[in-house]
Amino acid sequence: MADAVEVAIESALLNRLTSLVFSPVVPIALPNITFVPPVAGDNVAWLRATFLPATSAALGVDYEGTNQHFGIFQVDVFYGQGSGELAPARIATSILGWFKRGFMMTKGGFAVQVTRLPYRKQMIKDDPWMMIPVCIPYTAYAGSA
């Protein structure tokens with residue numbers, strides 16, 4: 001049985017993120033999967049993926065019509081305090097480039113597109129880490145089930 005559109009969207013986004021290669025390797029905390037962050041220190045990084053769907057919208061009055069599914073896929077870049085802002089900003093920029101506006105992913109017969117320019121937010125102190133949120137807006141279309 002094929003996944004529902006909501007599951008396919010999340011899966012496509014997570015698959016895209018986990019295919020991004022960093023050197024040195026940057027571990028990724030995925031939703032509801034056991035993860036132990038590395039010990040905080042200078043030049044130590046890790047990522048946390050969060051799927052944030054918004055309310056879907058019907059694009060017509062027909063109950064069998066197309067629905068628009070959209071939201072934000074957020075990837076938080078964690079970096080040890082005391083290492084400056086440039087190193088984690090470089091990781092954030094790599095993620096932004098990996099999910100360029102217009103990029104399309106497919107999963108289970110559904111297409112998921114980065115429809116707006118991805119962006120990063122300001123660095124946040126989250127002891128013993130500094131964290132930069134990276135936001136990736138997405139949209140997908142699917143018929144009513």
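The structure displayed is predicted, hence computed values, not measured ones.
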**Message:** For a 4.5 angstrom cut-off between non-hydrogen side-chain atoms, does Met131 reach Met123?
**Reply:** no
**Asked** Using the ring of each side chain (for Trp, its six-membered ring), is Tyr138 parallel, tilted or perpendicular to Phe51, with breaks at 30° and 60°?
**Response** parallel
**Request:** Please answer: with hydrophobic residues joined when any side-chain heavy atoms are less than 4.5 Å apart, are Val75 and Val26 in the same cluster?
**Result:** yes
**Asked** Is a side-chain N or O of Gln74 found less than 3.5 angstrom from the main chain of Val134, in a donor-acceptor match?
**Response** no
**Message:** Please report the interatomic distance CD(Gln81) to CG(Asp127), rounded to the nearest 0.5 Å.
**Reply:** 4.5 Å
**Prompt:** Applying the 4.5 Å side-chain criterion to the ILVMFWY set and letting contacts propagate, would Leu117 and Ile132 be lumped into a single cluster?
**Reply:** no
**Message:** Within this structure, what is the OG1-CD distance for the pair Thr50 and Glu10, rounded to the nearest 0.5 Å?
**Reply:** 9.5 Å
**Message:** Can you tell me how the ring of Phe78 sits relative to the ring of Trp46, calling it parallel under 30°, perpendicular over 60° and tilted otherwise?
**Reply:** parallel
**Item:** Criterion side-chain contact (heavy atoms from CB on, under 4.5 Å) on Val44 and Val39, from CA distance to verdict
**Value:** CA-CA 8 Å; Val44 176; Val39 175; over 6 Å; no
For residues 86-114, which side-chain donor-acceptor pairs fall under 3.5 Å, sequence neighbours excluded?
{"residue": "Thr93", "atom": "OG1", "partner": "Ala89", "partner atom": "O", "Å": "2.8"}
{"residue": "Ser94", "atom": "OG", "partner": "Arg90", "partner atom": "O", "Å": "3.1"}
{"residue": "Trp98", "atom": "NE1", "partner": "Arg16", "partner atom": "O", "Å": "2.6"}
{"residue": "Gln113", "atom": "NE2", "partner": "Gly102", "partner atom": "O", "Å": "3.0"}

**Asked** Nearest heavy-atom pair of Met130 and Lys125: which atoms, and what distance?
**Response** SD-CA, 3.7 Å
**Minimum heavy-atom distance between Leu30 and Ala49, given as atom pair plus value** = CD2-CB, 4.3 Å
**Between OH on residue Tyr79 and CG on residue Asn43, distance to nearest 0.5 Å** = 4.0 Å
**Fill in**
Between Ser83 and Gly41 the two heavy atoms that sit nearest each other are OG-O, 4.2 Å
**Asked** Under 4.5 Å between side-chain heavy atoms, hopping through other hydrophobics if needed: is there a path connecting Leu47 to Ile33?
**Response** yes
**Message:** Between Thr18 and Leu14 (side chain of the first, backbone of the second, donor and acceptor by atom type, cut-off under 3.5 Å), is there such a pair?
**Reply:** yes
**Message:** Is it the case that atom CZ in Arg48 sees more than 12 heavy atoms from other parts of the structure closer than 6.0 Å?
**Reply:** yes
**Prompt:** Is the shortest heavy-atom distance from the side chain of Glu6 to the side chain of His69 under 4.5 Å?
**Reply:** yes
**Complete:** Minimal heavy-atom distance between Thr66 and Tyr141, with the atoms involved, is CG2-CB, 3.9 Å
**Prompt:** What do the steps show when you test Ile9 against Phe70 for side-chain contact (heavy atoms from CB on, under 4.5 Å), and what is the final call?
**Reply:** CA-CA 9 Å; Ile9 293 168; Phe70 53 95; over 6 Å; no
**Request:** Identify the heavy atoms of Pro38 and Ala45 that sit nearest to each other, and give their distance.
**Result:** CG-O, 4.0 Å
